[in-house]
Amino acid sequence: MNSATPTARRDAAWEDDAQTPLLIPSMMCADFNDLVGEVNALDDAGVDGYHLDIMDGSFVPNYALGLHDVEAIRRHTDKPIDVHLMVSAPAQAIEVFAAAGVDIAYVHVESDPHIAKTLGRARELGIAPGIALNPGTSIAAVEELLPLVDYVLVMTVNPGFAAQKYLDFVDAKIARLVALKAEHGLRIVVDGAISPARISALSALGVDGFVLGTSTLFGKTESYAEIVADVKKTVRSSAATTQEAQS
């Protein structure tokens, strides 16, 4: 398929199913010995898109995915791809990944002294701009930028590594961001140690999407299709129970 920047963003399709939480696998956790097979299986399982952690070893103390990984996944799926730019030069990275066909780009306010310009450039290139919030980054640090973005990625672990413990103190920040969703037309996505129980609880709070790693999706005995179906069933059941309790 064509990897050029699309004329219509692929994440626009999410509007058609806005009541269902978005389930977005973190491809850092995938089996790269069979990347095509992983993407095909995840597509068939009904995931909503793909999350790629881009790390340069400077902004975070680790190296992870890069341009060729994005291009490889883009060749095998029509679903939205987002990149979490844990890099020291996000403005340059935006240009490169736009050409590779990504749909959403998350930038950290700590990494870019001219972040408003970078977010604006992303939109010019047809990418949905997003802000990534580290556990220790306050809403106050980015509040003036919220009108410029479509997504906020809330980190519930410190960025850079998989298989960490969920940081409960971030829940209060998530609740405050959910309260700002309607005012700014935002989607809130949460990333870090996201278990099925967390998905149910945070969906009820108003979170829109979840990045899935080893806590829910990867390295399990069940197939991706079974896991995704179980998560969706659990969320629906939890939502129904909540509605009954409120009625």
Worked check of side chain to side chain contact (heavy atoms under 4.5 Å, CB included) between Ile188 and Val154: CA-CA 7 Å; Ile188 309 300; Val154 184; 4.0 Å; yes
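Without hydrogens or angle criteria, Lys181 side chain to Gly206 main chain gives a donor-acceptor distance under 3.5 Å.
Under 3.5 Å, the side chains of Tyr50 and Asp69 contain no donor-acceptor pair of N or O atoms. Checking Asp53 against His51 by side-chain atom types alone, a donor-acceptor pair falls below 3.5 Å. A donor and an acceptor atom, one from each side chain of Asp82 and Tyr151, are nowhere located under 3.5 Å apart.
Of all non-hydrogen atoms in Leu186 and Val149, the two that sit nearest each other are CD2-O, 3.4 Å.
Of the charged side-chain nitrogens involved, none lies within less than 4.0 Å of a carboxylate oxygen, so that Glu71 and Arg74 do not count as a salt-bridged pair. Taking 4.0 Å as the cut-off between side-chain N and carboxylate O, Arg123 and Asp150 count as a salt-bridged pair.
In this structure, the side chains of Val157 and Met155 come closer than 4.5 Å at one or more pairs of heavy atoms. Phe218 has its side chain out of reach of Leu212: every pair of non-hydrogen atoms, C-beta onward, lies at least 4.5 Å apart.
Residue Gln92 places its CD atom among 12 or fewer non-hydrogen atoms of other residues, nucleotides or ligands, all under 6.0 Å distant. The number of heavy atoms from other shown groups lying within 6.0 Å of CZ (Phe32) is above 12.
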